[in-house]
K.L.:
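Below you will find the structure I want to go over with you.
Atoms within a ligand are numbered from 1 in the order they appear, just like the ligands themselves. Below, all heavy atoms of this structure are taken into account, side chains as well, without hydrogens, waters or symmetry copies. All of these numbers come straight from a predicted model, not from anything done at the bench.
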Amino acid sequence: MDFNLTEEQMMVQNMVRDFAEKEITPIIKEYDRKQEMAPFVLPRMAELGILGICLPVKYGGQGMDYISLGLACEELEAVDSTLRVVMSVHMGLNSMGLIQWGTEDQKQRFLVPQARGDKIACFGLTEPGAGSDVAAMDSTARREGESYVINGEKMWISLATKAHNVLWIARTDPETNDPHDGLSAFLVELDREGISRGDIHGKLGVRAGSTGWIACQDVRVPLENRIGEEGEGFKIAMSCLDNGRYTVAAGATGLIRACLDESVSYAQERNAFGREIGKFQLVQQKIAHMVQSYDAARLMYLQAGWMKNQGIRNSRQTSLAKWFATDASFEAASQAVQIHGAYGYSDEYNVERYLRNSKGAVIYEGTSEIHQLIQAGYALGYRQDAPLRKELPTYDEQAWREN
Ligand SMILES: Cc1cc2nc3c(=O)[nH]c(=O)nc-3n(C[C@H](O)[C@H](O)[C@H](O)COP(=O)(O)OP(=O)(O)OC[C@H]3O[C@@H](n4cnc5c(N)ncnc54)[C@H](O)[C@@H]3O)c2cc1C
């Protein structure tokens, strides 16, 4: 078992850390307060190749492996969750879904511009009346000759107003016995007639990001925009989530690290009762828990990334990594605020932002409760992973680097 990172993985780690620390740290509080995404974030991530990091060079990507994607997400969220959210939706939930399920034509039309960062992608599963219970969705896609006509509304969609394409899940068959079997997946260009969208304001966290809604009224898309077969929408959405959850797990690991670093430095500079607060055992206990959580979360996401590289199905490990890391990051952020005392309660320090940001990740991409049901389901033998018609391709360095 080799726990070392390769030279290239370390290069990715350093490049992304440099970008986040040098270019985002100085401006993040301002944009978090304004509740806006800094306009240079997406073009700069595109320019650095981050938006196509683990996609093959022939599709406009950087040809790196899935572990590099995790490392990038850890570095991004160590500075701000909104940066990692970009990777979760643009890469994990959309582009990786395309590399897994898309046809060659769809890869050329959608994946290539997304990998280069010329086009931004998002993922539309959640609706006003359907979150965890995906199959309760109302969105429909009606076949009319060589097109589908899409109607419905998606809610809580990250990058809704920044993206050019959405991977939209809709019901194509209302008659199936199991409602999951009646769903299909579509790539919808967001400049099509009948689309309206907007941002949600007043969020608890990820305020320097974009979260919104998208509505489709009689939006016509060609047959070639359907991903997979009719009825495969639920499976496609779940495999996209296997990739999105991986990025969330890795990012939450970075958030734990940020909480740990800031808690250690504050504990060494703040004095109470004649000594630095780091000398108090109750403060040490909080720091020790952060150390424990960071190492465990990191091992879990790296294991999932390794399995992705090898082409081994990792739904269980990814769900476990996501559940563990996000719960642990929320706890770490809460304890980091506690260590900072009243100063932690103001935006003079970063930890209050970490706490607000960490709450989102225990809700999106499967709430902590849903991940507990998933884990118990595997343990009790109620849940097994059936083979998919198309799996995420195994990482093959030579093939990934070919032009
Ligand atoms: C910042 C942010 C960004 C998001 N980005 C996206 C995105 O890009 N694309 C997208 O499609 N969605 C996105 N979402 C939506 C997110 O995926 C959903 O909010 C999530 O799936 C939960 O659904 P819900 O909010 O409808 O909660 P509900 O499903 O209504 O759940 C409410 C509560 O009931 C609990 N619950 C539900 N069912 C069960 C059960 N069977 N057993 C036990 N407890 C249960 C839940 O755990 C939760 O505590 C985003 C959400 C947020 C907050």
K.L.:
To the nearest 0.5 Å, what is the distance between CD (Gln62) and CZ (Arg401)?
P.N.:
9.5 Å
K.L.:
Should the heavy atoms of other residues, nucleotides or ligands under 6.0 Å from CD of Glu7 be counted, would the total exceed 12?
P.N.:
no
K.L.:
With Asn151 as reference, evaluate Asp218, Thr140, Asp138 under the side chain to side chain donor-acceptor pair (under 3.5 Å) test and give the passing residue.
P.N.:
Asp218
K.L.:
Quiz question: by atom type and distance under 3.5 Å, do the side chains of Trp400 and Asp396 form a donor-acceptor pair?
P.N.:
no
K.L.:
State, to 0.1 Å, how close Ala46 and Arg116 come at their nearest heavy-atom pair, and which atoms those are.
P.N.:
CB-O, 3.7 Å
K.L.:
For Ser319, run the side chain to side chain donor-acceptor pair (under 3.5 Å) check against Arg245, Gln375, Gln372 and tell me which one passes.
P.N.:
Gln375
K.L.:
May I have the N/O to N/O pairs between ligand 1 and the protein that fall below 3.5 Å, each with atom names and distance to one decimal?
P.N.:
residue, atom, partner, partner atom, Å
ligand 1, 5 (N), Trp156, O, 2.8
ligand 1, 5 (N), Ser158, OG, 2.9
ligand 1, 8 (O), Ser158, N, 2.9
ligand 1, 8 (O), Ser158, OG, 3.4
ligand 1, 9 (N), Phe123, O, 2.9
ligand 1, 11 (O), Leu125, N, 2.9
ligand 1, 11 (O), Thr126, N, 2.9
ligand 1, 11 (O), Thr126, OG1, 3.1
ligand 1, 12 (N), Thr126, OG1, 2.7
ligand 1, 12 (N), Trp156, O, 3.4
ligand 1, 14 (N), Trp156, O, 3.1
ligand 1, 23 (O), Ser132, N, 3.4
ligand 1, 29 (O), Ser132, N, 2.9
ligand 1, 29 (O), Ser132, OG, 2.6
ligand 1, 47 (O), Thr367, OG1, 2.7
ligand 1, 47 (O), Glu369, OE1, 2.8

